[in-house]
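Contents: one structure, followed by commentary.
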Amino acid sequence: MSISRETGPRRRLPVRRLIQLFVGLTLFGVSMGLMLRAGLGLEPWSVLNQGISRHTGLSIGTVTIISGVLILLLWIPLRQRPGLGTVANVVILGLVMDATLAWMPQLHSLAARIPLLAGAVLLNGAATGLYLSADFGPGPRDGLMTGLHLRTGRPVRLVRTCIEVTVLVTGFLLGGSVGVGTVVYALAIGPLAQFFLRRFAIADRPVKPSPVVARGGASPERAILPE
């Protein structure tokens with residue numbers, strides 16, 4: 001009986017982590033769809049995906065999946081290893097985003113779009129905390145950032161800024177939506193995600209240092225998220 005009591009929590013732990021992973025990714029996809037429906041500007045990668053979507057005729061969710069796969073190919077020369085969370089990220093976000101857009105009607109009133117944007121950003125922060133604290137591997141875009149950081153030796157902030165500015169400008173030139181929502185997201189997502197990472201942390205799970213923690217002395221939150 002004593003053995004069962006000692007091993008029980010450890011056996012249940014992966015179940016909780018899996019729940020956090022898939023709930024987090026699902027909510028992340030919902031938040032992306034809601035942010036698009038708010039029509040006040042998107043985060044950089046969605047700006048790019050929306051721009052590509054407008055030129056190809058593919059849904060933004062489909063473009064999100066395809067771009068995720070292409071980004072994963074860039075992991076090969078960077079010697080990054082995907083995890084379950086990485087693969088799930090590629091598939092789930094696009095599917096849920098398209099489903100959310102199909103369910104959520106277009107809003108025209110600014111009085112409705114502003115709280116929708118605020119709710120979407122808050123939900124995105126909570127979703128980020130859920131799926132990252134599950135520790136099944138970063139998403140393809142975060143892995144690209146950390147991989148470039150490790151290979152170039154450049155600071156994480158610089159690498160992230162360069163990637164997202166490039167993505168944002170390219171998306172804008174392709175017709176993606178840039179606006180106040182883009183700024184709100186950039187300012188709010190770091191503090192929100194760090195708050196929810198602490199809230200959803202799994203205390204019984206030993207913390208494995210990320211490559212950035214080992215080499216750069218930063219916390220996992222600072223390695224992945226803006227402050």
Side-chain angles (χ1 to χ4, degrees), residues 24-56 58-75 78 80 82 85-101 117 120-132 137-149 156-190 192-193 223-227:
L25 290 176
T26 299
L27 294 179
F28 199 105
V30 171
S31 72
M32 291 168 66
L34 295 179
M35 195 168 178
L36 196 151
R37 278 291 183 251
L40 295 172
L42 304 172
E43 52 86 21
W45 285 101
S46 291
V47 173
L48 176 62
N49 291 333
Q50 185 187 46
I52 295 173
S53 173
R54 287 177 172 174
H55 285 270
T56 61
L58 298 173
S59 71
I60 189 171
T62 300
V63 173
T64 299
I65 293 172
I66 293 173
S67 67
V69 172
L70 294 177
I71 292 169
L72 277 183
L73 295 178
L74 297 177
W75 282 33
L78 296 175
Q80 293 285 91
T86 310
V87 178
N89 184 296
V90 172
V91 177
I92 292 176
L93 295 192
L95 293 177
V96 174
M97 191 175 186
D98 276 350
T100 302
L101 292 172
L117 171 66
V121 174
L122 179 62
L123 181 61
N124 192 279
T128 300
L130 273 170
Y131 94 81
L132 284 182
R141 296 152 189 85
D142 289 328
L144 174 64
M145 178 196 66
T146 54
L148 287 172
H149 159 74
V156 172
R157 287 179 179 273
L158 177 61
V159 173
R160 185 183 183 100
T161 299
C162 290
I163 291 175
E164 296 202 346
V165 168
T166 301
V167 167
L168 183 64
V169 171
T170 303
F172 177 72
L173 293 176
L174 291 173
S177 176
V178 176
V180 65
T182 309
V183 178
V184 170
Y185 185 91
L187 294 175
I189 190 59
L192 283 173
I224 295 175
L225 301 166
E227 294 181 306

Checklist entry - Out of curiosity, D142 CG to Q80 CD, how far, rounded to the nearest 0.5 Å? => result 10.5 Å
Checklist outcome for this item: Rounded to the nearest 0.5 Å, the CE atom of M97 sits from the OG1 atom of T64 at a distance of 5.0 Å
Checklist entry - Under the side-chain contact (heavy atoms from CB on, under 4.5 Å) test, which residues partner V165, sequence neighbours left out? => result T161, V169
Next on the checklist: Under 3.5 Å, is there a donor on one side chain and an acceptor on the other for T100 and R37?
Outcome noted: no
Checklist entry - Would you say L158 and C162 make side-chain contact, with heavy atoms under 4.5 Å? => result yes
Item to check | Rounded distance (nearest 0.5 Å) linking atom CG of L117 with atom CG of L122 | outcome: 11.0 Å
Checklist entry - Does any pair with a residue in residues 161-177 pass salt bridge (Lys or Arg N to Asp or Glu O under 4.0 Å), and if so which ones, sequence neighbours excluded? => result R160-E164
Item to check | salt bridge (Lys or Arg N to Asp or Glu O under 4.0 Å) pairs, two or more places apart, involving residues 40-54 | outcome: none
Checklist entry - Considering only heavy atoms from C-beta outward, does the side chain of L42 approach that of V178 to under 4.5 Å? => result no
Checklist outcome for this item: By side chain to side chain donor-acceptor pair (under 3.5 Å), Y131 pairs with (sequence neighbours left out) none
Checklist outcome for this item: Rounded to the nearest 0.5 angstrom, the OG1-CG distance for T56 and N49 is 10.0 Å
Checklist entry - Should L70 and L74 be marked as a side-chain contact (heavy atoms from CB on, under 4.5 Å) after you check the CA-CA gap, both sets of side-chain angles, and the distance that decides it? => result CA-CA 7 Å; L70 294 177; L74 297 177; over 6 Å; no
Item to check | Gap separating the CZ atom of F28 from the CG atom of L123, nearest 0.5 angstrom | outcome: 9.5 Å
Next on the checklist: Side chains of L48 and S67, heavy atoms from C-beta outward: is any pair under 4.5 Å?
Outcome noted: no
Item to check | Under the side chain to side chain donor-acceptor pair (under 3.5 Å) test, residues paired with T62 that sit two or more places apart | outcome: S59
Checklist entry - So do the side chains of S46 and L36 get within less than 4.5 Å of each other, counting heavy atoms only? => result no
Item to check | With T166 via side-chain contact (heavy atoms from CB on, under 4.5 Å) - residues at least two apart | outcome: T170
Item to check | For A99, side-chain contact (heavy atoms from CB on, under 4.5 Å) partners two or more places apart | outcome: none
Checklist entry - Less than 4.5 Å apart, any side-chain heavy atom of V167 and any of V47? => result no
Next on the checklist: Could you tell me if the side chain of W45 sits less than 4.5 Å from the side chain of L93, heavy atoms only?
Outcome noted: no
Checklist entry - Mind checking what makes side-chain contact (heavy atoms from CB on, under 4.5 Å) contact with V180, not counting sequence neighbours? => result L40, V184
Checklist entry - Just how far is it from atom CG of L73 to atom CG of L144, taken to the nearest 0.5 Å? => result 11.5 Å
Next on the checklist: If the condition is side chain to side chain donor-acceptor pair (under 3.5 Å), which residues does N89 pass it with, not counting sequence neighbours?
Outcome noted: none
Item to check | side chain to side chain donor-acceptor pair (under 3.5 Å) contacts in which one or both residues fall within residues 180-190, not counting sequence neighbours | outcome: N124-Y185
